[in-house]
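Along the sequence shown, residues carry numbers from 1.
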Amino acid sequence: MPEYGPLLIIELVVIILVILFQLYHTSRVYLNIRELSDIFVRPLFVKNGYIDRKFLKNPDSVQSNIVYPADGDATLLQDHNLVGITLTETNSDHEIIIRIRNAINTYLMNNYGAAVNFSIIRDIIDREVDAKDEEISQSVPTPLYLGLAATMIGIIFGLLAMPDINGANFTEGINRLIDGVRLAMTASLTGLLCTTLLSSFFYKKAKKETLLLKNQQLSYLQAKLLPELVKAEDTGVYGLKSSLDNFVREATSITD
C-alpha cells in the first residue's frame, strides 16, 4: 500500500486547488451578476432625427446618415428630402444594452413607415436578459458541486491510505479515513458558503432589480416610442397616398 504521508500531501494539494477554483468561479459569477444588474442602469431613450429619403432604401446606411438637429433648430425641416425617423439610443457602454439598442434599431429601420409590432421589441429585450440570466443560474451551483466532488476525493484518498484491517491497525486505518474526509469537507463547506452567498444574496437581489428596471424600460419605450412610430406609419401611408394621387393625375392627363 502507498505511504500515508504522500497520499495526504497529494490530497491536500488537490483540495487546495479545488478551493481556489471555487473562489475563482465565485468571483466570475459575481461579476456576471453585477453585469446583469447593471444592464438598465443607463437605459435606452428615444431619439428623433432626420434622414434623406434615398437612404431609406438601404437600411444598413440609415444609422450612419441620420442627422440630429439641435434644440430649436428648424432649418432641417425646410429640406423636403428629409424625413423624420425615430430610433433608440443609450449613454451606456454596457455590452448587453448596446446589443439591445442595435437589434431594436435594425428592426425599426427595416420597418420604417410600416406597422411595428411592439411585442417584437419586447422579445428582443427579454431574449438578451434571459440569456444572461440563464448563464448565471447554471453557474451558481458549481462551487457546491465541486465541494461534493472534493468530499468524494477525500473518501477515496482515505481508503487508499488505510492499511489492511486487522486487530492491530484497525484504529489507525479508521483514523486515516477520517483525516482524509475531514480535509475534503473543507472544500464542501467552502462550496456551500459560496453557493449560498451567490444564490441567496447577490443573484436574488440582482434578478429582482433587473426585472424592475426592465419593466420600467419597456414602459418607457411603450409610452415614448410607440407614438413616434405611429406618426412614422401615418407619414408612410400619406406618402404612398400622395404618390398614388400623382400617378392617377398624370395618367388622367395623358388619357385626356
Minimum side-chain heavy-atom gap [X]-[Y] below 4.5 Å:
X      : Y      : result
Gln222 : Ser219 : no
Cys194 : Leu23  : yes
Ile104 : Ile125 : yes
Leu197 : Thr26  : no

Nearest 0.5 Å, what's the [atom1]-[atom2] distance between [X] and [Y]?
X      : Y      : atom1 : atom2 : value
Ile136 : Asn32  : CD1   : CG    : 5.5 Å
Asn110 : Asn105 : CG    : CG    : 10.5 Å
Tyr107 : Ile120 : OH    : CD1   : 3.5 Å

Keeping the roles fixed (side chain from [X], backbone from [Y]), state whether a donor-acceptor pair exists under 3.5 Å.
X      : Y      : answer
Tyr145 : Gly191 : no
Asn48  : Thr86  : no
Ser139 : Val29  : no

Mind checking what makes side chain to side chain contact (heavy atoms under 4.5 Å, CB included) contact with Leu148, not counting sequence neighbours?
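Listed in chain order: nothing, the list is empty.
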[X]: which residues meet the side-chain hydrogen bond (donor to acceptor under 3.5 Å, both in side chains) condition with it, sequence neighbours left out?
X      : value
Asn117 : Ser119
Thr151 : Ser188
Thr190 : none
Asp123 : none

Ignoring hydrogens, what is the shortest heavy-atom contact between [X] and [Y]? Give both atom names and the distance.
X      : Y      : answer
Pro143 : Gln22  : O-NE2, 2.8 Å
Tyr30  : Phe202 : CE1-CD2, 3.7 Å
Thr196 : Phe201 : O-CD1, 3.8 Å
Leu213 : Ser37  : CD1-O, 4.2 Å
Ile124 : Ile100 : CG2-O, 4.2 Å

Pick out which of Val129, Leu218, Thr90 makes a side-chain contact (heavy atoms from CB on, under 4.5 Å) with Phe40.
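When Val129, Leu218, Thr90 are each tested with Phe40, the side-chain contact (heavy atoms from CB on, under 4.5 Å) holds only for Val129.
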From the options Ile39, Leu212, Leu44, select the one residue that forms a side-chain contact (heavy atoms from CB on, under 4.5 Å) with Gln217.
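Result for side-chain contact (heavy atoms from CB on, under 4.5 Å) with Gln217: Leu44.
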Is it the case that atom CZ in Phe118 sees more than 12 heavy atoms from other parts of the structure closer than 6.0 Å?
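Atom CZ in Phe118 is packed in, count exceeds 12.
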Please list all pairs meeting salt bridge (Lys or Arg N to Asp or Glu O under 4.0 Å) that have one or both residues in [range], counting only residues at least two apart or in different chains.
range            : result
residues 189-208 : Asp133-Lys207
residues 95-122  : Glu89-Arg101, Glu95-Arg99, Arg99-Glu128
residues 28-43   : Glu35-Lys132
residues 180-200 : Asp179-Arg182

Let me check something: do [X] and [Y] share a hydrophobic cluster, defined by ILVMFWY side-chain heavy atoms less than 4.5 Å apart, either directly or through other members?
X      : Y      : result
Ile153 : Phe21  : yes
Val46  : Ile98  : yes
Leu144 : Met185 : no
Ile33  : Val41  : no

Qualifying residues under salt bridge (Lys or Arg N to Asp or Glu O under 4.0 Å), relative to Asp126, sequence neighbours excluded:
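Result, salt bridge (Lys or Arg N to Asp or Glu O under 4.0 Å) vs Asp126: Lys214.
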Would you mind listing the cluster partners of Leu211? Hydrophobic ones only (ILVMFWY), side-chain contacts under 4.5 Å, chaining allowed.
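Under the 4.5 Å side-chain rule, Leu211 groups with nothing.
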Going by side-chain heavy atoms closer than 4.5 Å, which hydrophobic residues are tied to Leu189, directly or by a chain of links?
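Answer for Leu189: Leu193.
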